[in-house]
Amino acid sequence: MPELPEVETIRRQLAPLLAERTIVDAAADANPKFTAAPAAIGGTVTGVDRRGKYLLVGLDHADGPRELVVHLGMTGQLGADIDPGGPHVRAWWGFADGGTLGYRDVRQFGRIAVVPAGRYETLGTLGRIGPEPLSDSFTPAGLWEGLHRRRARVKTVLLGQQVVAGVGNIYADEALWRAGIHPAARRVGRERAAALHAAIRAVLAEGIENGGTTLRDYRTVTGEAGRNQTRLDCYGRAGEPCRRCGTTLRHAVFDGRGTTWCPACQPR
DNA sequence: GTTGCGTCCTGGACGC
DNA sequence: TGCGTCCAGGACGCAA
């Protein structure tokens, strides 16, 4: 399930692969989530950026600068070696030099859009997305204010993308474990918000350093698995002893999301 | 405006 | 071995 570290890993591989190439052909699945892919035809790639979990491919186009926006959802994969006619391929783009870029997505939770550059207001979450967690715009005070305004569970707020961008289920569990905060807490003080701020940055930075977390579907552009899954302290370890205190980690569903936490280190 | 639940979607795991 | 059921979760729609 691609979160910020996985998407950033893909972005870093994709940028040199797509640089200055012109899209001359494309096709998409009938699912409306993907039908926008051909709107990139005619564009020359100017760069590959990322915002939260969204990949932003800049395009120099005759009708003005555009952006190809790709969200990988749960099982989305991008790759030059993805056969456009292969199973679960929802879209592909062909380049003037003859190569292709395929988008495969088994569960179809991803989505593709093409918009005028920088115009994200029609894209729901991306139009309201919060600060990049590894940038200076994400501060302990800003996180505290974002949490303080809300009465939802702290983990639900993190997953909402409006207080901080790019955090998904895995890294939310990991960051809350590191900060010692119960995932269902509805109030977080300034001190604990600062600890959570540091934890979010740390787990995401480590995730990027390790090339992302592969639990099942995630693969880089070159088809490799990430290495971060061996470093997880909390997510997916329910029933096992906490690495900090030895207490058995618990699992429950909060707001529809499977959640693992340590009842001793993360008291309610 | 906020919160929380249901839905989409499919392969794998599991039980019988 | 084969079948049915459950589970995973990001984003979005909708009701309260």
Exercise. Counting only Watson-Crick or G-U wobble pairs whose two distances fall under 3.5 Å, which nucleotide matches B/dG4?
Worked result: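 C/dC14 is the nucleotide pairing with B/dG4.
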Does the B/dG11 base have a donor-acceptor partner in the side chain of A/Arg107 within less than 3.5 Å?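 Looking at the base of B/dG11, it does not pair with any donor or acceptor on the side chain of A/Arg107 (distance under 3.5 Å).
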Can A/Arg178 and A/Glu174 be said to form a salt bridge (charged side-chain N to carboxylate O under 4.0 Å, His left out), step by step? CA-CA 6 Å; A/Arg178 283 200 193 190; A/Glu174 291 297 307; 5.2 Å; no
Requested in this report: Give the rounded distance in Å between these two atoms: CG of A/Leu4 and P of C/dG10.
Outcome: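 The answer, rounded to whole Å, is 13 Å.
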Expressed in angstrom and rounded to an integer, what is the separation of A/Arg257 atom CZ from C/dA8 atom C1'?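 Rounded to the whole Å, the gap is 9 Å.
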Using a heavy-atom cut-off of 4.0 Å across all strands, would you classify [X] as base, sugar-phosphate, or nothing?
| X | result |
| --- | --- |
| A/Arg128 | nothing |
| A/Leu123 | sugar-phosphate |
| A/Gly256 | nothing |

**Message:** Heavy atoms from C-beta onward define the side chain here; which of C/dG10, B/dT2, B/dG4 lies closest to that of A/Ala152?
**Reply:**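 Taking heavy atoms from C-beta onward, the closest nucleotide is B/dG4.
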- Step through the shown structure and confirm whether more than 12 heavy atoms of other residues, nucleotides or ligands are within 6.0 Å of CG on A/Asp136.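 Counting neighbours around CG of A/Asp136, 12 or fewer heavy atoms of other residues, nucleotides or ligands fall under 6.0 Å, so no.
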Does [N] have OP1 or OP2 sitting under 4.0 Å from an N or O in the side chain of [X]?
| X | N | value |
| --- | --- | --- |
| A/His88 | B/dC9 | no |
| A/Lys53 | C/dA11 | yes |
| A/His71 | C/dA11 | yes |

Test log, rule salt bridge (charged side-chain N to carboxylate O under 4.0 Å, His left out), inputs A/Arg90 and A/Asp105: CA-CA 6 Å; A/Arg90 310 301 176 187; A/Asp105 188 351; 5.8 Å; no
Worksheet entry | A/Asn210 side chain near A/Arg231 side chain, heavy-atom distance below 4.5 Å |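 A/Asn210 vs A/Arg231: side chains touch.
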(request) Tell me which of A/Arg186 and A/Gln108 sits closer to the 5' end of DNA chain B, going by the nucleotide each one is nearest to. (result)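 Mapping each residue to its closest nucleotide by heavy atoms, the 5'-most match is A/Arg186.
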